Amino acid sequence: MQLVVVKRSGVVEPFSREKVVAGVRKACKGRPVSEADLARLGQQVEETLRASGQAEIPTDEVGVAILRPLSALDAVAYLRFASVYKNYESVDDFEAEIHKLRSDAPVA
């Protein structure tokens, strides 16, 4: 089954593991995360999306599929990625997310 991503604008494009990895790589810049770690994360994201059984995946679901394994990989990279994905508007948003990370609450 070919996965496609439905963007907020309505544009549909094929799912790209490489695009996922490239986006996460930016959040991981300067962090102790290897290319192998990024490749595994990309694979996990794709497997999660395929397991949903849907052929068309909204971008929001792709983001959630990225956040879960990224929080386990590197908390700082997670916060960087989440700040863009979740559109943080204040320091309070960061503090709330840090509190979730520290309490081991589910992210996303």
Side-chain angles (χ1 to χ4, degrees):
M1 162 177 70
Q2 179 178 357
L3 289 176
V4 294
V5 177
V6 181
K7 296 188 168 204
R8 289 185 182 108
S9 66
V11 173
V12 177
E13 66 180 42
F15 172 79
S16 167
R17 188 187 300 186
E18 294 77 24
K19 192 170 179 179
V20 167
V21 170
V24 174
R25 184 179 288 117
K26 291 176 189 175
C28 293
K29 186 172 179 152
R31 302 297 304 155
V33 175
S34 70
E35 284 300 313
D37 292 332
L38 292 174
R40 275 190 298 279
L41 184 138
Q43 182 176 350
Q44 286 178 303
V45 170
E46 184 171 351
E47 288 172 358
T48 298
L49 296 175
R50 286 192 184 283
S52 76
Q54 299 176 32
E56 294 187 357
I57 309 292
T59 54
D60 290 350
E61 289 183 33
V62 175
V64 169
I66 292 170
L67 287 171
R68 288 186 181 124
L70 185 55
S71 69
L73 181 62
D74 187 275
V76 172
Y78 166 84
L79 286 170
R80 290 174 178 170
F81 189 89
S83 71
V84 174
Y85 171 72
K86 294 183 176 185
N87 197 26
Y88 290 179
E89 294 182 9
S90 70
V91 171
D92 293 337
D93 295 333
F94 279 94
E95 287 177 345
E97 203 69 45
I98 290 167
H99 178 72
K100 286 181 195 175
L101 283 171
R102 286 187 173 152
S103 66
D104 293 324
V107 295

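A quick note: this is a predicted structure, and the numbers were derived from the prediction, not measured.
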Engineer: Side chain to side chain contact (heavy atoms under 4.5 Å, CB included) between K29 and K26: does it pass, once the steps are laid out?
Structural biologist: CA-CA 5 Å; K29 186 172 179 152; K26 291 176 189 175; 6.0 Å; no
Engineer: S71 and L101: which non-hydrogen atoms are nearest, and at how many Å?
Structural biologist: CB-CD2, 4.1 Å
Engineer: Looking at D60, is its backbone amide N or carbonyl O close enough to the side chain of Y85 to form a donor-acceptor pair, meaning the two atoms are under 3.5 Å apart?
Structural biologist: yes
Engineer: As an exercise, state the distance from CG of L67 to CZ of F81, rounded to the nearest 0.5 Å.
Structural biologist: 6.0 Å
Engineer: So how far is it from Q43 CD to R40 CZ, rounded to the nearest 0.5 Å?
Structural biologist: 9.5 Å
Engineer: Step by step, would you call D92 with E95 a side chain to side chain contact (heavy atoms under 4.5 Å, CB included)?
Structural biologist: CA-CA 5 Å; D92 293 337; E95 287 177 345; 3.6 Å; yes
Engineer: Distance check, rounded to the nearest 0.5 Å: E35 atom CD versus C28 atom SG?
Structural biologist: 9.5 Å
Engineer: Looking at every non-hydrogen atom in both residues, tell me the closest pair between R31 and D74 and how far apart they are.
Structural biologist: NE-OD1, 3.0 Å
Engineer: Decide yes or no on side chain to side chain contact (heavy atoms under 4.5 Å, CB included) for I98 and R102, but give the supporting numbers first.
Structural biologist: CA-CA 6 Å; I98 290 167; R102 286 187 173 152; 3.8 Å; yes
Engineer: Would you mind writing out the side-chain donor-acceptor pairs for residues 48-57 within the sub-3.5 Å range, not counting sequence neighbours?
Structural biologist:
residue	atom	partner	partner atom	Å
T48	OG1	Q44	O	2.9
R50	NE	E46	OE2	3.1
R50	NH1	M1	O	2.4
R50	NH2	E46	OE2	3.1
S52	OG	L49	O	2.6
S52	OG	Q54	N	3.2

Engineer: Carefully, step by step, assess L79 and V76 under the rule side chain to side chain contact (heavy atoms under 4.5 Å, CB included).
Structural biologist: CA-CA 5 Å; L79 286 170; V76 172; 5.7 Å; no
Engineer: Test of understanding: with side-chain hydrogen bond (donor to acceptor under 3.5 Å, both in side chains), list the residues that count as partners of K19, not counting sequence neighbours.
Structural biologist: E13
Engineer: Can you get from V64 to V6 by hopping between Ile, Leu, Val, Met, Phe, Trp and Tyr side chains that sit under 4.5 Å apart?
Structural biologist: no
Engineer: Which distance, rounded to the nearest 0.5 Å, do you find between the CZ of F94 and the CZ of R80?
Structural biologist: 10.5 Å
Engineer: Looking only at heavy atoms, what is the nearest atom pair of V45 and P69, with distance?
Structural biologist: CG2-CG, 4.3 Å
Engineer: Rounded to the nearest 0.5 Å, what separates atom CG in N87 from atom CG in D93?
Structural biologist: 8.5 Å
Engineer: Any chance you could measure R17, atom CZ, to L3, atom CG, to the nearest 0.5 Å?
Structural biologist: 10.5 Å
